[in-house]
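Okay, structure first, notes after.
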Amino acid sequence: HPHLGKILISLGVAIFGMTPFGWRFMPVIFGIMILPLMYLFAKKMFRSTFIATATTILLAFDCMHYTLSRIATIDIFAAFFILLMFYYMYDYFFKDSVYRRCDASLQSKFPPREVYLPLALSGISMALGIATKWTGVYAGMGLCILFFWYTLSHFPKGQVLRLFGFCCLFFIAIPLLVYVLCFIPVVGYTEYNGLIDKVIQGTKYMFDYHANLVAEHYYSSPFYEWPIIWMPLLDANDMVNATDVSAISCMGNPAIWWVGIPCELYAFFRWIIKRDKRAGFLCISYLAQYIPWMSISRITFIYHYFPAILFVILMMGYTMQHIREDFSWGKKAITIYLAIAVICFFLFFPVISGLPVNKEYGLHLRWLKDWILVL
């Protein structure tokens, strides 16, 4: 992978030393920061404190979010930057729409700085995402589709060329620059002459590795198994004594992931049949994280679905908003569901956290035949 994620992990090591606390510190920080980001995203999209809070609770009590925030891998960084880039893209759409509705005469004017600043921040976030993990490129493809969908339907032709130049800077030039700069710790701070060569060689090596990897793994799973949590990934398993085990399984919260499936279908229905643009934004964002994996031939694992689940949770927020508005019992039903999701999280907590627990308890959590959460 590119090196930004490892650089971020090294910051914790530099502060606290080469210890478990040190190398896990930055993933924990990003795992925490993604929660207020989700809240802000949901609040801006649904304009409801209740729905934004409900959506954030779902992310906070998702088992995979908890696990990825506590281990020294780069996936939580990539997920944070992906959510951030789509947040700013949505913020740009929102502010530009408000700007254009204020006065019809503004249709021919290029938006002011406070409108296109979120667009620039979306490009910078994309740069950080790509420099962390190439899944940021998949997300960038989704941003591209959303951007052109909005631009072609809102911008006068005379503004498109200027906007294109603006985007070339923030979505091409700056991502390339950040990607190159993240290789400096590998080359050395005084060997800039070899930097470009190292970037080219490193990128080629990464591509060859992923394209030609021939390997098998018991806990691998193809893309179509991820939404139903068919195969969790057992990260660690240690016998504490004759009866107790300490295990960490990377999996989703069944009460969230399984309920998320009909919410996805509802969002797609609202987009395709009802032409709901907000649902369309969520569906395109989700597909950008999911469809590229369908063509990957190397082995894959369930954690590759985590960036997509962020938008599934937003689709759940979208669905909850409609339930709350359309049914008198909606708010109460949502509250009860959130309680069930939280209870489900604590039910699986011992096998996602490493908390020593009786092995028989872990075996009883085998709800599907391929769930091996403890050994």
Side-chain angles (χ1 to χ4, degrees), residues 1-12 23-38 41 59 62-90 121-144 146 171 174-183 185-186 202-203 206-207 209-210 213 223 226 233 235 250-252 284-294 296 298-314:
H1 298 297
H3 303 292
L4 180 58
K6 289 165 279 186
I7 293 170
L8 291 172
I9 291 175
S10 73
L11 295 178
W23 65 64
R24 293 172 182 166
F25 180 76
M26 292 304 293
V28 169
I29 295 300
F30 273 76
I32 293 171
M33 291 195 304
I34 202 172
L35 296 176
L37 175 58
M38 175 62 80
F41 203 155
L59 178 58
D62 177 56
C63 299
M64 188 172 290
H65 165 259
Y66 181 82
T67 300
L68 293 181
S69 300
R70 298 181 68 244
I71 59 178
T73 62
I74 62 176
D75 298 278
I76 195 67
F77 304 138
F80 176 85
F81 291 131
I82 287 171
L83 190 62
L84 188 65
M85 66 179 82
F86 280 94
Y87 166 76
Y88 279 124
M89 183 61 74
Y90 187 83
L121 293 174
S122 178
I124 294 172
S125 303
M126 188 188 80
L128 297 173
I130 294 174
T132 300
K133 196 171 184 179
W134 279 2
T135 49
V137 177
Y138 302 161
M141 294 166 57
L143 290 180
C144 182
L146 289 169
F171 288 89
I174 290 180
L176 284 174
L177 177 63
V178 173
Y179 185 81
V180 170
L181 293 178
C182 81
F183 279 78
V186 179
T203 301
M206 284 184 274
F207 179 82
Y209 172 83
H210 291 292
L213 176 64
F223 69 90
W226 300 342
L233 171 60
D235 285 330
C250 186
M251 61 180 293
I284 293 172
S285 302
Y286 167 77
L287 293 174
Q289 319 309 316
Y290 193 35
I291 286 181
W293 290 104
M294 298 179 184
I296 301 297
R298 54 153 288 183
I299 59 171
T300 54
F301 299 89
I302 191 170
Y303 64 81
H304 290 133
Y305 190 60
F306 184 64
I309 207 67
L310 299 175
F311 297 98
V312 172
I313 290 175
L314 283 170

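Values below: all heavy atoms of this structure, side chains included; hydrogens, waters and symmetry mates excluded.
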For this session: Test Ile34 against Leu310 for side chain to side chain contact (heavy atoms under 4.5 Å, CB included), laying out the working first.
Result: CA-CA 10 Å; Ile34 202 172; Leu310 299 175; 4.1 Å; yes

For this session: Assess whether side chain to side chain contact (heavy atoms under 4.5 Å, CB included) is satisfied between Met126 and Leu143, documenting all intermediate values.
Result: CA-CA 9 Å; Met126 188 188 80; Leu143 290 180; 4.1 Å; yes

Problem set entry | Atom of Cys182, atom of Ala131 and distance for their closest heavy-atom approach | SG-O, 4.0 Å

Seminar exercise, completed: With sequence neighbours left out, the residues meeting side chain to side chain donor-acceptor pair (under 3.5 Å) with Tyr138 are none

Seminar exercise, completed: For Ile291, the side-chain contact (heavy atoms from CB on, under 4.5 Å) test, sequence neighbours excluded, returns Leu287, Met294

For this session: Would you mind reporting whether Pro185 and Ile7 have side-chain heavy atoms less than 4.5 Å apart?
Result: yes

For this session: Apply side chain to side chain contact (heavy atoms under 4.5 Å, CB included) to the pair Asp75 and Lys133, showing each step before the final yes or no.
Result: CA-CA 8 Å; Asp75 298 278; Lys133 196 171 184 179; 2.5 Å; yes

Problem set entry | From CA spacing to verdict: side chain to side chain contact (heavy atoms under 4.5 Å, CB included), Leu176, Val180 | CA-CA 6 Å; Leu176 284 174; Val180 170; 5.5 Å; no

Exercise. Side chains of Ile309 and Met64: closer than 4.5 Å at any heavy-atom pair?
Worked result: no

Exercise. When you measure from the side chain of Thr67 to the backbone N and O of Cys250, does any donor-acceptor pair fall under 3.5 Å?
Worked result: no

Problem set entry | Asp235 to Ile71 - nearest heavy-atom pair and separation | OD2-CD1, 4.2 Å

Exercise. If we only count heavy atoms from C-beta on, is the Leu8 to Leu11 side-chain gap below 4.5 Å?
Worked result: yes

Seminar exercise, completed: Note: Cys63 and Gly252 closest approach over all heavy atoms is CB-C, 4.0 Å

For this session: Please report the closest heavy-atom contact between Met85 and Gly129, naming both atoms and the distance.
Result: CE-CA, 4.4 Å

Exercise. So do the side chains of Ile29 and Met33 get within less than 4.5 Å of each other, counting heavy atoms only?
Worked result: yes

Problem set entry | Rounded distance [0.5 Å steps], CZ in Phe25 versus OG in Ser10 | 13.0 Å

For this session: Any chance you could measure Ile284, atom CD1, to Cys144, atom SG, to the nearest 0.5 Å?
Result: 11.0 Å

Exercise. Out of Phe81, Phe311, Phe80, which one pairs with Phe86 under the ring-ring contact (aromatic ring centres under 6.0 Å, His included) rule?
Worked result: Phe311

For this session: Could you check if a side-chain atom of Met206 sits within less than 4.5 angstrom of a side-chain atom of Pro2, using non-hydrogen atoms only?
Result: yes

Exercise. Got a second to check how far Leu35's CG is from Ser69's OG, nearest 0.5 Å?
Worked result: 7.5 Å

For this session: Taking the side chain as every heavy atom from C-beta outward, state whether Ser122 and Phe171 have any pair of such atoms under 4.5 Å apart.
Result: yes

Exercise. For the atom pair CD1 (Ile76) and CG (Leu68), what is the distance rounded to the nearest 0.5 Å?
Worked result: 5.5 Å

For this session: State, to 0.1 Å, how close Gly136 and Ile130 come at their nearest heavy-atom pair, and which atoms those are.
Result: C-CG1, 3.6 Å

Sequence neighbours left out, cut at 3.5 Å: what donor-acceptor pairs do the side chains of residues 298-305 make with other protein atoms?
residue: Arg298; atom: NH1; partner: His210; partner atom: ND1; Å: 2.8
residue: Thr300; atom: OG1; partner: Ser221; partner atom: O; Å: 2.7
residue: His304; atom: ND1; partner: Phe301; partner atom: N; Å: 3.0
residue: His304; atom: ND1; partner: Phe301; partner atom: O; Å: 3.3
residue: Tyr305; atom: OH; partner: Tyr286; partner atom: OH; Å: 2.9

For this session: Only counting residues at least two apart or in another chain, list the ones meeting side chain to side chain donor-acceptor pair (under 3.5 Å) with Thr203.
Result: Tyr179

Problem set entry | Point-to-point distance, once rounded to the nearest 0.5 Å, from CG of Leu146 to CE of Met89 | 7.0 Å

Problem set entry | With Asp62 via salt bridge (Lys or Arg N to Asp or Glu O under 4.0 Å) - residues at least two apart | none

Exercise. Quick one: does Trp293's side chain get under 4.5 Å of Thr135's, heavy atoms only?
Worked result: yes

For this session: Work out which heavy atom in Gly31 is nearest to a heavy atom in His65; give both atom names and the distance.
Result: O-NE2, 2.9 Å

Exercise. Listed by chain and number, what are the ring pair (Phe, Tyr, Trp, His ring centres under 6.0 Å) partners of Tyr87, not counting sequence neighbours?
Worked result: Phe41

Exercise. Can you tell if the side chain of His1 reaches within under 4.5 Å of the side chain of Trp134, non-hydrogen atoms only?
Worked result: no

Problem set entry | Any donor-acceptor N/O pair, His3 side chain to Thr132 backbone, under 3.5 Å | no

